[in-house]
Each structure stands twice: as C-alpha cells, then as structure tokens.
> 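Handing you this structure, nothing more for now.
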Amino acid sequence: MTPFLLGWTVMFFAAAAPGPSTLAIMATSLAHGRGAGLRFAVGVVCGSCVWGLVAGLGVAALLTSAGWALTLFKVVGAAYLLWMAWKSWRAASAAAAGSADAAAAGPADAAAADDRPSDGAFWRRGLALHLSNPKAVMGWSATAAVGLPAGSGVLETAIFLGGCAVLALIINLGYALAFSTAPLIRAYGRARAALQRAFAAAFAAAGLGLLAWRP
C-alpha cells in the first residue's frame, strides 16, 4: 500500500469513528434539521482542513511538543464541550416543560423553543468544536506522518491533504444526511427530552475525559 493510501485509510477511520464532532453533527441534525446539520458538518470539515494544513506544514509537531499549548487546547476544548452539554440539558428541560406538544412539534418548532441559532452560527460552532480539540492535532500529526514521507514536495502534500479533505467532507456530510431523515426526526420529536439528556451526558463525559486526557 502506498503512503497516500495508507494515510487516507487512517484518515477515513479517524473521521468515521464516533467522537464529539460526529455526536454534535447527529444532535444538530436531529434537533434543527438537515440544513443546520450540513452547516455544522461543513464547519467541522473546515476545522479539519485547518489542522491538516498545519500538519502538512510541520507546525503540528511543534504544537504537540509544547506542553503549554496542549494544556491550553485541552482547557478550551473541554470548556466548549461542557457548554454544549449545558445547551443540550437546557433543551431537554425546555422539551420536558413543553410536554408532549413541544416534544412532537418537529425540528423547526422544537428548535425555536431552544432559541435556534442563526444559520451561520451552526457553521461557526462546528468550526470552533474541531479547532478546540487537541486530539485533532495529534490525529493529524499521525496521519501526516504516515501519508507524507520525509521529503514530500508541495504537490504531494497538496494531493494528500486534498484527498483527506474529500474524505472528511463525505463522512461528515454523510452523518448529517443520515441523522436528518424524516423517520429519525419524528422519533427524535417523540423522545426529545430523553435524547437531549443523553447528548448532554455524552458531551459532559467527553469534556471531562478531555480534561483528564494525557497524550
């Protein structure tokens, strides 16, 4: 297997594996509909492309070797995940207070009860979530080390990073499309409070796990 294919394989499994970003795409798609989920997913991909460029330029290796930088990323990333947990818990409380009518109203009405953000805010949230994740830096460092052998030129780097970007786009948009289908949204409407509590618990666990994480 060539370095490119090996690196793209690593990228595929890293991007497809469940994590805070994929969980957030699922939650956004279910709660706010397909458009919001796709915007959030594009934000995640843009953040991934930023880290890919950083890794391709060799800057990621410097960041991962700087203890203070990783600590800063950990604190910022954990704070963002805990904020998302609070937002999900708040949405669960709103759904429970609104009784069955609010829970079954569908993504548009349910989102209004949770102070639906502007369309651009979904993209910014996806971008911020991925940029504040120090594990993304580590993952890209490993991917670049596998897919870009020493001495790789500008063309090789551009081809490899372009392939990674396409994979990330397909995977993350796929999650958004899959979790914004009508049957899943209807099911979400019937169990919105319980699912939002589950999302809140998952985000909180991810945030606390990030604080305890040691690279």
Side-chain angles (χ1 to χ4, degrees), residues 3-29 34-64 66 69-70 72-81 83-84 117 119-148 152 154-180 202-203 206-207 209-210 213 215:
F4 275 12
L5 290 179
L6 185 57
W8 286 334
T9 301
V10 172
M11 176 64 189
F12 175 84
F13 286 107
S21 293
T22 53
L23 180 65
I25 291 171
M26 295 175 194
T28 301
S29 300
R34 177 161 295 173
L38 290 173
R39 291 182 181 90
F40 194 100
V42 171
V44 169
V45 174
C46 289
S48 184
C49 289
V50 170
W51 286 131
L53 183 60
V54 168
L57 294 174
V59 181
L62 296 177
L63 289 175
T64 54
L70 278 180
L72 177 62
F73 276 123
K74 280 177 53 175
V75 172
V76 172
Y80 193 80
L81 287 169
W83 175 79
M84 293 183 70
D119 288 339
F122 291 112
W123 177 85
R124 291 191 295 271
R125 288 183 179 183
L127 177 68
L129 177 61
H130 209 69
L131 288 181
S132 63
N133 184 3
K135 293 185 179 180
V137 186
M138 304 289 286
W140 265 108
S141 295
T143 302
V146 171
L148 289 174
S152 296
V154 174
L155 179 60
E156 290 85 354
T157 301
I159 292 174
F160 178 70
L161 294 181
C164 288
V166 170
L167 285 173
L169 191 65
I170 292 173
I171 291 167
N172 287 286
L173 292 185
Y175 272 114
L177 291 172
F179 282 84
S180 59
F203 284 130
L210 184 55
W213 173 65

> For residues Val42 and Leu127, determine if any side-chain heavy atom of one lies less than 4.5 Å from a side-chain heavy atom of the other.
no

> So how far is it from Phe13 CZ to Thr143 OG1, rounded to the nearest 0.5 Å?
12.5 Å

> Hey, could you give me the CG/SG distance between Leu169 and Cys164, rounded to the nearest 0.5 Å?
12.5 Å

> So, for Trp123 and Cys46, which heavy atoms are closest and what is the spacing to 0.1 Å?
NE1-SG, 3.6 Å

> Which atoms form the tightest heavy-atom contact between Phe203 and Leu81, and what is the distance?
CB-O, 3.6 Å

> To check you understand the geometry: which heavy-atom pair defines the closest contact between Ser132 and Tyr80, and what is its length?
OG-CB, 4.2 Å

> Rounded at 0.5 Å granularity, tell me how far CG in Leu173 sits from OH in Tyr175.
12.5 Å

> Begin with the C-alpha distance, continue with both residues' side-chain angles, and end with the deciding distance and a verdict on side-chain contact (heavy atoms from CB on, under 4.5 Å) for Phe160 and Met11.
CA-CA 11 Å; Phe160 178 70; Met11 176 64 189; 5.9 Å; no

> What are the two closest heavy atoms between Phe4 and Glu156, and how far apart are they?
CZ-O, 3.3 Å

> Sequence neighbours excluded and cut-off under 3.5 Å, please list the side-chain donor-acceptor pairs for residues 16-23, or say none.
{"from": "Ser21", "atom 1": "OG", "to": "His130", "atom 2": "ND1", "distance (Å)": "3.3"}
{"from": "Thr22", "atom 1": "OG1", "to": "Gly19", "atom 2": "N", "distance (Å)": "2.7"}
{"from": "Thr22", "atom 1": "OG1", "to": "Gly19", "atom 2": "O", "distance (Å)": "3.0"}

> At what distance, to the nearest 0.5 angstrom, does CG of Leu167 lie from OG1 of Thr9?
8.5 Å

> Please report the shortest heavy-atom distance between Leu161 and Trp140, naming the atom on each side.
CD2-CZ3, 3.8 Å

> Please find the pair of heavy atoms, one from Leu129 and one from Ala24, that lie closest to each other, and give the distance.
CD2-CB, 3.7 Å

> Would a 4.5 Å heavy-atom cut-off, applied to side chains only, mark Ser48 and Val44 as touching?
no

